[in-house]
Participant: 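Attaching a single structure in structure tokens format; questions to follow.
Hydrogens, waters and symmetry mates are skipped; everything else that's a heavy atom, side chains included, is used.
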Amino acid sequence: MSNKIILLIEDNPDDEALTLRALKKNDIQSEVRVARDGQEALDYFFGDKWSTNPCPAVVLLDLMLPKVNGLEILRRIRADERTSLQPVVILTSSKEEQDIIKGYQLGANSYIRKPVDFTQFTEAVRQLGLYWLVMNETPPSSQGMA
Amino acid sequence: MPRLSELPIRTKLTVISILTCVIAMFLAVVIIVTYDNYFYHTQKSGELTAQAKILAAGMNASLEFDDQQAAHDYLDPLSANPDISAAAVYRVNGLLFASYSRVLTKPPPSLAEPHGIRLKGDELSIFWPVVQKQRQVGSVYLQANIEPLTTRIFRYIGIFLLAMAISLLFTLPIAMRLHYAIANPVYARSLIEASIDPLVTINPKGEITDVNMATIEATGLSRDKLIGTDFSNYFTEPKKAGEIYQQVFDQGSVTNFPLTIRNSNGKLIDVLYNAAIYKNEMGGVLGVVAAARDVTAQKQAELEVNRRTAELQVANHELEAFSYSVSHDLRAPLRAIDGFSSALLEDYSDRLDDEGKSYLNRVRAATQRMGELIDDMLELSRIARVEMRHETINLSDMVTNVLTELQKNDELRNIDWHVQKDLLASGDARLLRIALNNLLGNAWKYTAKQPNPRVEFGAFTDAEGTVTYFVRDNGAGFDMAYADKLFGAFQRLHSAAEFPGTGVGLAIVQRIIHRHGGKVYGEGIPNQGATFYFTLTTPTRLGVSS
């Protein structure tokens, strides 16, 4: 599982630190790339150096992001045939109905709300890592990127 | 020729007055002729008798002296009296003594006849004795032509016809003028004028026959200009206006037909037309009465409502945006506080004494509570905003469902619950489920310290037919002194240590019930239990409106 990559799209450094801590606490060794705003995230997939960027096993996507918001990123990922099958998990603060519906409509693979309680958060990250990095088989076409 | 009943009232009145006049005149002629016929003879006889007496008196001497010349002298002046056509004097033996007769008239009889007056055809004649010293010495004879009755009747009729022609010549124009005023019946006119709505009458050709002041104002045209013109001319869509007659003549009436009147000053007036045909006594269609209701104000009110709705929508959007950002942004710092407190506890526990650890745990507990409060607050505002969908719901089934779920999540509790069967209601299923979740969840929670917990759901109907539902428990209850605080957001009657919670549940319940047009209230006795009652707009009433 160490050869798999997680792309964390998160602008809040606290959340970034806590997510990384939760991953570490759960012994998830995978490399984590972090995009700190929407544009950075898009550049990862569609920028000049896109072909050198490894294809993530899972994208952890926050919704409230500077420049380009999370739902727009998801739409662009799904619209491009290179990334259309990319597993994307929305990991965000809100459980607003409109976000959940819109997220699934745009083809999110999962929608997880970050709990305030860090213990619960750690547990969520553990299950998430276990599922997406260990149990889940990544789609073949997404390998092409690396 | 049209039947009298189909004629306009004005013509009817004229015909009636002429008829009355003719009948009266005819009766007058009959009466006068009868009278005249009777008295004419009496008068003529009297006159002739008097004349005969005078003649007889004058003949005394002529007969006594047998002077025929004197008799002729006496008879000749009778020619001055046009009525006398012949006259004669007879000797006492009855032989003619002297006579006079007009040309072309029958000469007097050659022998005297018995005395007396007699009528023969158009001829009135008299024989009268000539008496001298109480001794008859001869007779006189007078003959008069009486004008025939028919001639006299014709003359009278002629006179009356002339009189009538002259009187009609003068009275008819006056009568017609008066009839015009009467033929536009005062009552109907005032009815038409009393209407503040533009009102017109239209004949079957579509021409306006009458208008009221409101129509004059609405069109900006005078009465004279409107009457006789095509009704459909005065609308923005004449063709559509023309459809009114079609509908009226087909169906007898038209209700709330929307049209726009174009005033001569260019102003447009939105109206709803109500029209019906009117008939004469025989059922023939005379025309259409059409009344327009000015709905400009109503339309403006509609626009105002739309404007306010739009404003509300904007406000609602802002509220949504606000709660959206609360939902996203307010929880992130809490997560950081809790996360890093937890990191401190884990990574630096060796450098923290127990008191320090307990403080950090308090920080974590407080942040988590804050997280719950934010979630509940968002829920409360969401409940107020969500769109409602009404349907018929079996509340009993829903309650059983919620209780089963509560039981599943809390298997250690053994609660005795009773649900009255098949209580139906009309409302939004999702919202009502949230309300019941909160009410039953409370009952579940507050009976935690009761050795024989019991929860009950039921309903009763009052005299007015309003159904009141209730959730009753025998749990912690509450002091009625604080009943008014029950439904306030974040208001709690128990400490969080005693019973967990944020105090939003009943606020949510109240908001849901209010959105259903119902009422909710609670009754409680400390340590004996609480009952929460709620009503929803009655299903029957909703059934009619939906």
Participant: Taking all heavy atoms of A/A17 and all of B/F340, pick out the closest pair and write down the distance.
Facilitator: CB-CZ, 4.0 Å
Participant: At a heavy-atom separation under 4.5 Å, does A/T119 approach chain B through its side chain, its backbone, both, or neither?
Facilitator: both
Participant: Please rank B/E346, B/M370, B/R382, B/E372 by heavy-atom pairs under 4.5 Å with chain A and give me the top one.
Facilitator: B/E346
Participant: Is the count of non-hydrogen atoms from other residues, nucleotides or ligands lying under 6.0 Å from A/E137 atom CD greater than 12?
Facilitator: no
Participant: Only pairs of heavy atoms separated by less than 4.5 Å count here; which of B/D375, B/L334, B/D329 has the most with chain A?
Facilitator: B/D375
Participant: Do you know the tightest heavy-atom contact between A/D14 and B/A336?
Facilitator: OD2-CB, 3.5 Å
Participant: Are there over 12 heavy-atom neighbours, none belonging to B/R362, within less than 6.0 Å of that residue's CZ?
Facilitator: no
Participant: CG of B/N414: more than 12 outside heavy atoms within 6.0 angstrom?
Facilitator: no
Participant: Tell me whether B/K357 at atom NZ has more than 12 heavy atoms from other residues, nucleotides or ligands lying less than 6.0 Å away.
Facilitator: yes
Participant: Does any backbone or side-chain atom of A/D99 lie under 4.5 Å from a heavy atom of chain B? Answer side chain, backbone, both or neither.
Facilitator: side chain
Participant: So does B/K445 have more than 12 non-hydrogen atoms from other groups sitting under 6.0 Å from NZ?
Facilitator: yes
Participant: Heavy-atom distances under 4.5 Å only: say whether A/D117 touches chain B with side chain, backbone, both or neither.
Facilitator: both
Participant: Mind ranking A/T92, A/V116, A/L63, A/L18 by heavy-atom pairs under 4.5 Å with chain B and telling me who comes out on top?
Facilitator: A/V116
Participant: For atom CZ of B/R308, is the number of surrounding heavy atoms from other residues, nucleotides or ligands below 6.0 Å larger than 12?
Facilitator: no
Participant: Heavy atoms only: give me the nearest A/N12-B/A332 pair and the separation to one decimal.
Facilitator: ND2-CB, 3.8 Å
Participant: Going through the checks in order, is the salt bridge (Lys or Arg N to Asp or Glu O under 4.0 Å) test met by A/E97 and B/R430?
Facilitator: CA-CA 14 Å; A/E97 207 175 77; B/R430 276 179 70 191; 2.7 Å; yes
Participant: Give a yes or no on this: more than 12 heavy atoms of other residues, nucleotides or ligands lie within 6.0 Å of atom OH of B/Y482.
Facilitator: no
Participant: Is the number of heavy atoms from other residues, nucleotides or ligands under 6.0 Å of A/Y104 OH greater than 12?
Facilitator: yes
Participant: From B/S325 OG over to A/M64 CE, what is the distance, rounded to the nearest 0.5 angstrom?
Facilitator: 6.0 Å
Participant: Report which part of A/A22 has an atom under 4.5 Å of a heavy atom belonging to chain B: side chain, backbone, both, or neither.
Facilitator: neither
Participant: Can you tell me how far the NZ atom of A/K25 sits from the CG atom of B/D347, to the nearest 0.5 Å?
Facilitator: 7.0 Å
Participant: Report the distance from atom CD of A/E96 to atom CD of B/E320, rounding to the nearest 0.5 Å.
Facilitator: 8.0 Å
